[in-house]
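Convention: sequence-line order gives letters A, B, ...; per-chain numbering from 1. These values consider heavy atoms only, across backbone and side chains, with no hydrogens, waters or symmetry-generated copies.
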Number of protein chains: 2
Amino acid sequence: MAVTLKDVAREAGVDLSTVSRSLSGSYGVHEETRKRVLEVAERLHYRPNRIARGLVTGRSHTLGLIVSDVRNPFFAEVARGAEDAACAHGCDLVLCNSDLDQAKQMRYIVSLAEKRVDGILMNSVSALGKAQQQALAGFGMPIVLLNRASGAHSFSTVCADNYLGGQLAGRYLKAKGHIRIAHLTGPRGHGNLSDRARGFLNAVPDAVVLHGRHTFQGGCELAGKLLERHPEVTAVFAANDVMAFGVMRAAAERGLRVPQDLSVVGFDNIEFSGIAHPPLTTVHQPKYEIGAAAVEILLRLAEKQNGSAPERRIFGVELIERDSVQDCRTR
Amino acid sequence: MAVTLKDVAREAGVDLSTVSRSLSGSYGVHEETRKRVLEVAERLHYRPNRIARGLVTGRSHTLGLIVSDVRNPFFAEVARGAEDAACAHGCDLVLCNSDLDQAKQMRYIVSLAEKRVDGILMNSVSALGKAQQQALAGFGMPIVLLNRASGAHSFSTVCADNYLGGQLAGRYLKAKGHIRIAHLTGPRGHGNLSDRARGFLNAVPDAVVLHGRHTFQGGCELAGKLLERHPEVTAVFAANDVMAFGVMRAAAERGLRVPQDLSVVGFDNIEFSGIAHPPLTTVHQPKYEIGAAAVEILLRLAEKQNGSAPERRIFGVELIERDSVQDCRTR
DNA sequence: GCCATTGTCGCAACCGCTTCCTATTCTGCG
DNA sequence: CGCAGAATAGGAAGCGGTTGCGACAATGGC
């Protein structure tokens with residue numbers, strides 16, 4: 001149905017290998033011949049079949065991206081960065097949503113492996129067990145992990161400096177004169193979030209820390225609990241922006257104004273943080289750049305097949321000052 | 001490097017065609033043989049090469065999704081719906097961001113065509129010219145358009161009932177007793193948005209209509225202009241939620257409270273609309289379902305190769321009442 | 001003018017898999 | 001016991017490309 005190399009060869013009166021060489025621009029074909037072939041190919045609307053090419057070259061020019069859910073603005077941004085970088089290198093990105101489900105994630109990995117993607121980019125769900133690691137390594141496929149700095153595994157990783165981010169938030173709140181400060185975070189054992197918590201506690205050792213779900217609802221609930229048990233608290237550091245919005249909602253429901261009655265700092269700096277009311281002071285992490293960098297590393301890994309040393313990249317973070325924090329000193 | 005059919009065949013002492021049959025479970029191989037083959041395949045960790053398979057079967061089990069930007073929560077949701085549906089049918093989804101750029105979109109289409117994807121799902125940038133349509137059709141690839149109900153083209157489409165949505169918003173605002181109402185929308189000629197505008201104007205014929213960018217900034221600017229020129233307006237229908245947030249911002253900057261001083265209705269019902277302060281009253285469109293339905297149609301189209309009649313599906317919409325609209329009658 | 005070199009191009013193998021066709025064995029029946 | 005027909009397995013052709021190798025002609029140095 002589609003026009004193939006053979007068709008072009010027949011039409012141009014040359015061997016199909018000559019057509020292949022002409023198209024790929026490789027050495028060993030007369031300029032005149034090449035021109036003629038190119039012309040014919042153009043006229044016939046020839047489109048190389050990249051599947052077939054991949055079969056022989058062994059490279060699919062396709063990358064896999066597994067995130068928990070692309071509807072999460074954080075991952076959407078990472079995905080965009082990854083896609084742009086992949087596109088710039090002539091690669092496609094196949095999108096997978098794992099929903100933080102081990103089994104589903106594994107199914108995706110197998111599927112991607114069967115498609116012989118050049119590499120996989122993923123935010124691994126929970127810490128990988130030894131067996132999991134082995135299984136992954138067994139596929140002999142380059143893998144870059146998003147947001148997993150620590151751990152003894154031997155994969156390349158890209159993430160933001162979560163520890164520093166937590167520290168920044170803590171220092172900022174103290175600098176603004178807050179004394180009683182709380183930290184609302186996700187479940188214990190969540191890698192990134194606990195890094196943030198550790199950094200924060202380094203700056204604010206006597207902070208109140210509450211664990212819960214790292215969602216809007218979770219932020220609401222935790223804030224409710226907090227305001228009830230610790231009414232003396234004047235500032236809250238939420239483990240991510242969505243939780244921070246939950247805190248703001250909970251505050252509003254109790255008639256507390258942000259920032260006058262309660263200061264809030266988030267983490268991520270998703271787009272809505274600037275749009276929210278009041279605009280949220282938060283720790284920015286370069287999501288787009290993280291996605292892009294991960295692809296760069298992945299492609300580098302795919303290039304040199306030998307199991308080169310894993311590359312680890314940690315991006316800096318930055319506190320974005322907006323209007324959700326009250327300066328207590330000027331009051 | 002990877003273990004192939006041949007390896008399994010050698011190890012099991014049978015021909016490779018037998019292995020193929022055993023694995024595919026097709027008729028014509030002794031149960032005992034099949035068992036042995038399966039065992040060997042398992043032991044060798046055999047993974048079929050789906051690229052090679054696709055080469056001969058002609059189906060890649062891959063779909064392309066071209067959106068303007070996955071960071072847009074609307075498209076993220078559509079993408080998620082599409083991915084889930086694709087996954088359920090054993091297909092992969094490759095993600096492309098066109099940035100509303102004709103040329104970029106075309107490059108993606110060509111690239112996807114070269115990969116022999118089974119079909120493409122896209123929110124076409126602007127109305128397609130005759131030439132564009134022809135070019136697309138020329139690829140002989142199933143295509144489903146997102147959010148393009150009208151138009152004389154011959155593609156299948158999936159979208160929400162934008163006209164009805166606009167009408168709903170208009171009626172609601174009138175029912176709440178508003179007399180002077182404005183509509184802030186995107187650039188003229190934007191298909192969906194103008195459908196919404198038409199529906200709205202059907203319900204509120206004397207509305208003030210302002211065109212601008214359909215972004216947060218655009219919402220801000222347009223609202224600024226509106227409040228200056230038409231201070232008598234008490235309610236605004238924004239063409240999408242993000243614009244509505246812009247309106248809310250502009251109102252806040254001028255000391256106007258929402259909804260007491262200005263009522264706002266959005267469109268889309270993105271996640272943040274429920275989280276915003278105040279929660280935004282908006283027209284819900286089933287984004288996830290749109291993505292999923294588009295994939296279903298695409299797969300159906302890919303199944304029966306004959307150029308079957310294009311399928312068009314329009315989803316219902318629903319007004320979600322939250323707290324951004326004031327009831328003028330009870331005042 | 002001859003041979004070695006270089007430039008062009010065709011031939012054929014191969015990538016890993018599916019599938020049609022054919023050869024062989026097994027089965028059941030008269 | 002012989003034979004038709006079904007069951008089973010192997011052979012081989014392709015899917016659409018890439019690439020090493022050899023054939024052949026043109027070129028250049030002596």
Side-chain angles (χ1 to χ4, degrees), chain A residues 1-38 40-41 44-62 90 111 113-118 139-140 305, chain B residues 1-38 40-41 44-62 90 111 113-118 139-140 305:
Chain A
M1 139 110 220
V3 27
T4 75
L5 259 198
K6 196 162 25 169
D7 299 324
V8 178
R10 189 181 340 100
E11 188 75 12
V14 297
D15 188 79
L16 112 200
S17 62
T18 304
V19 179
S20 174
R21 289 192 197 97
S22 303
L23 262 23
S24 70
S26 62
Y27 173 83
V29 35
H30 195 88
E31 195 47 45
E32 204 169 303
T33 316
R34 177 195 307 279
K35 222 164 189 172
R36 187 156 44 86
V37 169
L38 257 36
V40 173
L44 263 44
H45 295 109
Y46 170 73
R47 295 273 159 228
N49 182 330
R50 293 216 267 151
I51 294 284
R53 184 181 314 197
L55 184 56
V56 29
T57 62
R59 299 247 308 157
S60 63
H61 289 279
T62 301
S111 169
E114 290 185 354
K115 281 240 170 110
R116 300 298 190 265
V117 297
D118 293 339
F139 284 113
Q305 286 296 34
Chain B
M1 141 105 223
V3 26
T4 75
L5 262 197
K6 195 161 27 169
D7 299 325
V8 179
R10 189 178 342 99
E11 189 74 11
V14 297
D15 188 80
L16 107 200
S17 61
T18 304
V19 179
S20 175
R21 285 191 208 99
S22 305
L23 262 23
S24 70
S26 63
Y27 173 83
V29 35
H30 196 87
E31 194 49 44
E32 203 169 304
T33 317
R34 178 197 306 282
K35 223 164 188 172
R36 188 157 42 87
V37 169
L38 256 36
V40 174
L44 262 44
H45 294 110
Y46 170 73
R47 294 273 158 228
N49 183 329
R50 291 216 268 152
I51 294 284
R53 182 184 315 203
L55 184 56
V56 27
T57 62
R59 299 249 306 158
S60 62
H61 288 280
T62 302
S111 169
E114 291 185 353
K115 281 240 170 110
R116 300 300 189 266
V117 297
D118 293 339
F139 283 114
Q305 287 297 34

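For C:dG10, the base has a donor-acceptor partner in the side chain of A:R21 [N/O atoms by modelled type, under 3.5 angstrom]. The base of C:dC17 has none of its N or O atoms less than 3.5 Å from a complementary donor or acceptor on the side chain of B:T57. A donor and an acceptor atom never sit less than 3.5 Å apart when one is taken from the side chain of A:R34 and the other from the base of C:dG7.
The CG atom of A:N49 lies 9.0 Å from the CD atom of B:E114; values are rounded to the nearest 0.5 Å. We find the OG1-NE2 distance between A:T18 and A:H30 to be 13.0 Å, quoted to the nearest 0.5 Å. Rounded to the nearest 0.5 Å, atoms CD1 (A:I51) and OG1 (A:T62) are 7.5 Å apart. One finds the CG atom of B:D118 at 4.0 Å from the CZ atom of B:R59 (value rounded to the nearest 0.5 Å).
By the 4.5 Å heavy-atom criterion applied to side chains, A:Y46 and A:V19 are not counted as neighbours.
The distance from atom CG of A:L55 to atom P of C:dC14 is 14 Å, rounded to the nearest whole Å. One interatomic measurement links the two molecules: CD of B:E114 to P of D:dG16, which rounds to 15 Å at whole-angstrom precision. Rounding to whole angstrom units, CG of residue A:D7 and C1' of D:dG17 are separated by 13 Å. Regarding A:E32, its CD atom lies at a distance of 9 Å from the P atom of C:dC9, rounded to whole Å. Between A:N49 atom CG and D:dG16 atom P there is a gap of 7 Å when expressed in whole angstrom units. Atoms CG (A:L5) and C1' (D:dT19) sit 13 Å apart, rounded to a whole Å. Here C:dC17 presents its P atom at 12 Å from CZ of B:R47, a figure rounded to the nearest Å. When rounded to the nearest whole Å, the span between CG of A:D15 and P of C:dT8 equals 17 Å.
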Discussion item. B:E11 vs B:V3, test: side chain to side chain contact (heavy atoms under 4.5 Å, CB included). Steps then yes/no.
Written reply: CA-CA 11 Å; B:E11 189 74 11; B:V3 26; over 6 Å; no

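Paired runs in DNA chain D that reach 3 or more consecutive Watson-Crick or G-U pairs, where each pair keeps both distances under 3.5 Å, cover C:1-30 with D:1-30.
Across all strands shown, A:S26 has no heavy atoms under 4.0 Å from either base or sugar-phosphate atoms.
Taking each heavy atom of A:R34 and A:S22 in turn, the nearest pair found is NH1-O, 3.0 Å.
Neither OP1 nor OP2 of C:dC17 sits under 4.0 Å from any side-chain N or O of B:S20. Residue A:Y46 has a polar side-chain atom (N or O) positioned under 4.0 Å from OP1 or OP2 of D:dG17. OP1 and OP2 of C:dT18 both lie 4.0 Å or more from every side-chain N or O belonging to B:S24.
Where B:V56 and B:S17 each meet DNA chain D at their nearest nucleotide, the meeting point lying more 5' is that of B:S17. With the nearest nucleotide of DNA chain C identified for both B:L16 and B:K6, B:K6 has the one nearer the 5' end.
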